[in-house]
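First the structure, in the form of structure tokens, and then the observations on it.
Numbers restart at 1 for each chain; the letters A, B, ... are given by sequence-line order, proteins then strands. Atoms considered below: every heavy atom in the structure, side chains included; atoms not considered: hydrogens, waters and symmetry mates.
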Amino acid sequence: MGHRVCAIIRCEAGGGDTSREIEAMTNDTPAKANRLSDISWADFQALSLMEKGAYFRGEPPHTLIAQQFTRPMLNELCALATRIKRINKRREGANFLKTLLHDKRAMLYFAQPSSRTYLSHNAACQILGLDTMDVRDTKTSSEVKGESPEDTIRTFSSYVDMIIMRHPVGGFAERVAWMLAHTNREIPVMNAGSGADQHPTQALLDVYTLERSFERLGGIEGKHIVFVGDLARGRTVRSLAWLLTLFEGVKLYFVAPQQLQITQDILDQLDAAGTAYEVTRDFDSVMPLADAIYMTRIQDEWDAAGEARTTDASEYHIGAEDMPRLKDHCAILHPLPRRREISTDIDDDPRAMYWRQMRNGMWIRAALILTTFGREDEAIRYYDEYQPPA
Amino acid sequence: MGHRVCAIIRCEAGGGDTSREIEAMTNDTPAKANRLSDISWADFQALSLMEKGAYFRGEPPHTLIAQQFTRPMLNELCALATRIKRINKRREGANFLKTLLHDKRAMLYFAQPSSRTYLSHNAACQILGLDTMDVRDTKTSSEVKGESPEDTIRTFSSYVDMIIMRHPVGGFAERVAWMLAHTNREIPVMNAGSGADQHPTQALLDVYTLERSFERLGGIEGKHIVFVGDLARGRTVRSLAWLLTLFEGVKLYFVAPQQLQITQDILDQLDAAGTAYEVTRDFDSVMPLADAIYMTRIQDEWDAAGEARTTDASEYHIGAEDMPRLKDHCAILHPLPRRREISTDIDDDPRAMYWRQMRNGMWIRAALILTTFGREDEAIRYYDEYQPPA
Amino acid sequence: MGHRVCAIIRCEAGGGDTSREIEAMTNDTPAKANRLSDISWADFQALSLMEKGAYFRGEPPHTLIAQQFTRPMLNELCALATRIKRINKRREGANFLKTLLHDKRAMLYFAQPSSRTYLSHNAACQILGLDTMDVRDTKTSSEVKGESPEDTIRTFSSYVDMIIMRHPVGGFAERVAWMLAHTNREIPVMNAGSGADQHPTQALLDVYTLERSFERLGGIEGKHIVFVGDLARGRTVRSLAWLLTLFEGVKLYFVAPQQLQITQDILDQLDAAGTAYEVTRDFDSVMPLADAIYMTRIQDEWDAAGEARTTDASEYHIGAEDMPRLKDHCAILHPLPRRREISTDIDDDPRAMYWRQMRNGMWIRAALILTTFGREDEAIRYYDEYQPPA
């Protein structure tokens, strides 16, 4: 992986195996797939995230963790998202897209409320003509009736061809995929946020937004990407940091007050992958170096010991006064919702990408869902035949 | 009705009329239909369930009580459900099905929460391309504004071509059908569970599951069907018991602790129909005789006097240890959700039909909805012309 | 504006400008449109309702206040609604309508609960094949996370091509339209009720119902229209009163107890428009003069000082005993829900229009949504080519 710079702050990395695995994820050979139905739950739980990934790339494919994506997969998803977006611009194209999954149904099971993630997935389904049903309540009648969570989800799965789920319990989506693999009706599971840990489609949309932002700047390779804010608990940062290890020469900066700084396990992954990084409290000095700045919100909904309240986060902020010091092409991202960390007065600046990022989420999810059903070729063929140049 | 065995426990049956009516329900002549708009509410309420049935088979047809179904209707619905299921397997077939009711809209009015019944009906609608809207809350704004329940439902009916409703008040769905019949816009009403009494589409899916289970064993006729658990209050058992009287030579076993045993009114219906039955507390001795076992959950949500808590239900259970004593073809059903009455360790046994039963609910409801709109012939024609042999 | 009768009770009207504007609204020349993106929020807020209207008729058009509609617009919407209704009667027509907006998606954002308005808009969308997503809760997760209402709605707008919204804060829908006009993705906003003030689509459906009721009686021109009940707070009355100023020779009667009587600002508008009116407490004497009676409910959900409770509203009521004194063609309207102000015993009288009014709401909203996307010509062309005479 050639020219990667050594990390400034660097810890003892375990993972020689991990390095070899990552090597496999970044080159162009297709990644292997294992069968979830062939492994016990205990054995499965003992696997590393990257080893798990091989089980999610089976048939049907599940989308559960950021670590399951390889670089070729990312390339294909991003290219497909852009094609779908362009096809959708014209009425006949939008009508064509709606035929692609017209024969399928998806369940949106949101046991943890999240309007924007729900809406983004729902819109992606609608773009492809996929009918959706939703359960958006934690207290379903079945729980009242004493049913196990696994029976509940197996029941829900009976009616549909795919489950898109958000759940407060970490690892629950994985458990569902494993459980369904042991029935005679395994359907794809898409993790729309699970516990404090994984939110793989958010990481995908972030990568897609970076890829679009650097479209005429040689892509993500070699860029300086700065993460700011609550890095300890934000699952989007954790997932995205990992995906960025798949790009050569990237350097990551983690800018946060000490209590909210990125955790060691992520740094270990970066070390194992040979990805350069810097950990600092000084946003001011890093700002001018950034090709992209990824702002985050203080997540006090996960706040156990009051970390957020006792932290002065006022300097982890971007406003109009900072814009002259940023690079002309610096892309500003934010998973939203925001509080005060980005002033609304920069919303109209061309570098503010966070609104486009929202909409990118819809396109990349459409690409992912279409790929899950193995029908991406139909969109590509339509694009090649009918699409006027962009 | 030929060879029906006399019931072991038998009470004084009234109903000579009922017997004659049942005769009409089981032979092949089409059952008569009366017009709901021709009868006053008081007169209507005084009718027997079977007499009411004649009013629900009008134009448009309503689905309100198990007693409205005749044997020919059951045969046609089951055959149609299987055709729909097979057509749906192929992409072009699924796309064809979605044209059948593409011009219609249905209201899912669930004043009593029930995820699985809601989802099953919603999926059935989606299979047929029927657009749905839902009201899944008891406290709608209109009630807050002092509107009568009848005005509310008439308003909802304004926007759609069909109402699928679940309501805590027994008989409310009947009242709605009667009320709409006295307006200039009568639309079909489908009862998705009403009070503690009727859940006719659940009974239909149970019959369909039995019919599929005994497909190569001569059908439901002559089979021994064992009901276990909370038989006093489970509306599915009450509805299903009645539908089974339409099949020759069936024998029913009711296995429950005394407080939760089947009630006399059901036994009276069986007597009137000449259907054999046995009432017992001894599951152990009945188990080996069963062609089908219908397990149920203790329904303590209906629990007034704490019956459930004071009852020892531990012996009304099936687990791996019982499987060797069951017939090789014994079908195990359960309306779900379950608690402990069926161990998860038999979920993979081919005799465990309860998960397939879930999915059967979707197919039989699709068949019923299509028939409600009188378009079943279109599906049959497509099946005959395009469907490859199963 | 020729023959308008002078108002019996008349106050000092300001508005010479208003008169000239109204002149423009009633003649046949197309009304001008201004660009929302060209005006500051402060300047926009200072505009009169009629001046604001010019900003909502831009591209894309927003539907925010009754005052934005001109007489030609009303004529076209009513004619289109009737065409859509007739096309929808036949299966192939209904299927055609569903192609019209098949490539679009709408957000139903109901921060204030309202089943009927929600369902009516949703049905209108479904008739046109427009996919919908909904947020029907005030406490979305984003508010919990500290997001501003504007960020929330901008996020929601990312996923769709139109927002239909109901909100407890008066003017919020206008603010949203203005805000979106200042982004690079302005989509149409439709106000489905905002604060105590505006409910423009309700006013449209009321006009449409009057237009249908007087179809063979020379239309709305010159009719006596009586408003009864809670006129102080009912936003439907306020919006409708204004729209009726666009019809020549109309006379309005406001019948209410003193505390709930129509407010001076509405009377000022009528004066400015030269529309005749009478303000009275005496329903009895007005009843026989009425071509239409618009009953309303005491809106005690807006009740600050207990006005409703201290008011005797018992005489503001219609029942079977009143019907002989009404004109044979007198149309009885009510925005519903009702309490006791209309007895159910007149529901079957042909003069009771309130149930048809419900359904008219669906058709006029479909016409409005189709017009919003500029595709009304496709429906008109289909109607002219394929529709058999009514």
Got a second to check how far [X]'s [atom1] is from [Y]'s [atom2], nearest 0.5 Å?
{"X": "A:D134", "Y": "C:D134", "atom1": "CG", "atom2": "CG", "value": "7.0 Å"}
{"X": "C:S148", "Y": "A:R340", "atom1": "OG", "atom2": "CZ", "value": "12.0 Å"}
{"X": "C:D151", "Y": "A:H334", "atom1": "CG", "atom2": "NE2", "value": "9.0 Å"}

Evaluation steps, side chain to side chain contact (heavy atoms under 4.5 Å, CB included), between C:R154 and A:D347: CA-CA 12 Å; C:R154 184 165 179 187; A:D347 282 8; 4.0 Å; yes

Select all residues of residues 117-127 of chain A having any heavy atom within less than 4.5 Å of some heavy atom of chain C, and report them by number, or 'none'.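 Contacts with chain C: A:Y118, A:L119, A:S120, A:N122, A:A123, A:Q126, A:I127.
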
Residue pairs fulfilling ring pair (Phe, Tyr, Trp, His ring centres under 6.0 Å) with at least one residue in residues 350-370 of chain A, sequence neighbours excluded: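 Every candidate ring pair (Phe, Tyr, Trp, His ring centres under 6.0 Å) pair involving residues 350-370 of chain A fails, so no pair, neighbours aside, qualifies.
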
By a 4.5 Å heavy-atom criterion (distance strictly below it), what part of C:R185 contacts chain A: side chain, backbone, both, or neither?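 Contact with chain A is through the side chain of C:R185 alone.
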
For chain A, which residues of residues 88-101 of chain C have at least one non-hydrogen atom nearer than 4.5 Å to it? C:T99, C:L100

Sequence-distant partners of A:E215, side-chain contact (heavy atoms from CB on, under 4.5 Å), two or more places apart: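 A:E215 satisfies side-chain contact (heavy atoms from CB on, under 4.5 Å) with A:R86, A:R212 once adjacent residues are dropped.
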
Is the closest side-chain heavy-atom distance between C:R136 and A:R136 below 4.5 Å?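 In short, these two side chains do not touch, never coming nearer than 4.5 Å.
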
Between A:R359 and C:S158, do the side chains contain an N or O donor and an N or O acceptor separated by less than 3.5 Å?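 A:R359 vs C:S158: no donor-acceptor pair found between side chains.
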
